[in-house]
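Along the sequence shown, the residues carry numbers beginning at 1. Model, not experiment: these values are computed from the prediction. Values below: all heavy atoms of this structure, side chains included; hydrogens, waters and symmetry mates excluded.
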Amino acid sequence: ETGEIYCEGVLLANAHIFITKEMGKIVREDIYIEKMDDIDGGGQMKFHDIYVDFPEETLKRDLSANAIIRAREFWQYENGGGQVRSSS
């Protein structure tokens with residue numbers, strides 16, 4: 001499966017370190033330059049879109065983490081949800 005690492009403000013070197021550490025394989029890297037508005041100080045900024053294949057175990061771990069986050073949001077643990085209460 002091909003996934004996209006999408007993080008703003010991540011240094012390119014840090015993205016490559018993460019990919020290597022997680023044993024990912026870069027499938028495609030798109031590089032483009034956008035002109036900045038004067039309100040942003042003008043000039044140009046270079047962007048990299050990196051598409052990566054990660055091993056199956058990494059994908060399973062990420063899917064599991066996402067499932068935990070969704071369950072936490074559903075049960076609202078921070079607000080006392082999901083707790084068993086006695087009826088007495």
Checklist entry - Among all residues two or more places apart in sequence or in another chain, which pass the side chain to side chain contact (heavy atoms under 4.5 Å, CB included) test with Leu12? => result His16, Glu29, His48, Ile50
Checklist entry - Which other residues belong to the hydrophobic cluster containing Tyr32, where Ile, Leu, Val, Met, Phe, Trp and Tyr are joined when side-chain heavy atoms lie under 4.5 Å apart, directly or via other members? => result Met36, Met45, Phe47
Checklist entry - Which ILVMFWY residues are connected to Met23, directly or by a chain of links, through side-chain heavy atoms under 4.5 Å apart? => result none
Checklist entry - With sequence neighbours left out, what residues match Glu73 under side-chain hydrogen bond (donor to acceptor under 3.5 Å, both in side chains)? => result none
Checklist entry - How about Ile17 and Asn14: do any of their side-chain heavy atoms sit closer than 4.5 Å? => result yes
Checklist outcome for this item: Across all chains, not counting sequence neighbours, the side chain to side chain contact (heavy atoms under 4.5 Å, CB included) partners of Asp30 are Arg28, Asp49, Tyr51
Next on the checklist: Can you pull out every salt bridge (Lys or Arg N to Asp or Glu O under 4.0 Å) where at least one residue sits in residues 10-27? Sequence neighbours excluded, please.
Outcome noted: Glu22-Arg61
Checklist entry - Under the salt bridge (charged side-chain N to carboxylate O under 4.0 Å, His left out) test, which residues partner Arg70, sequence neighbours left out? => result none
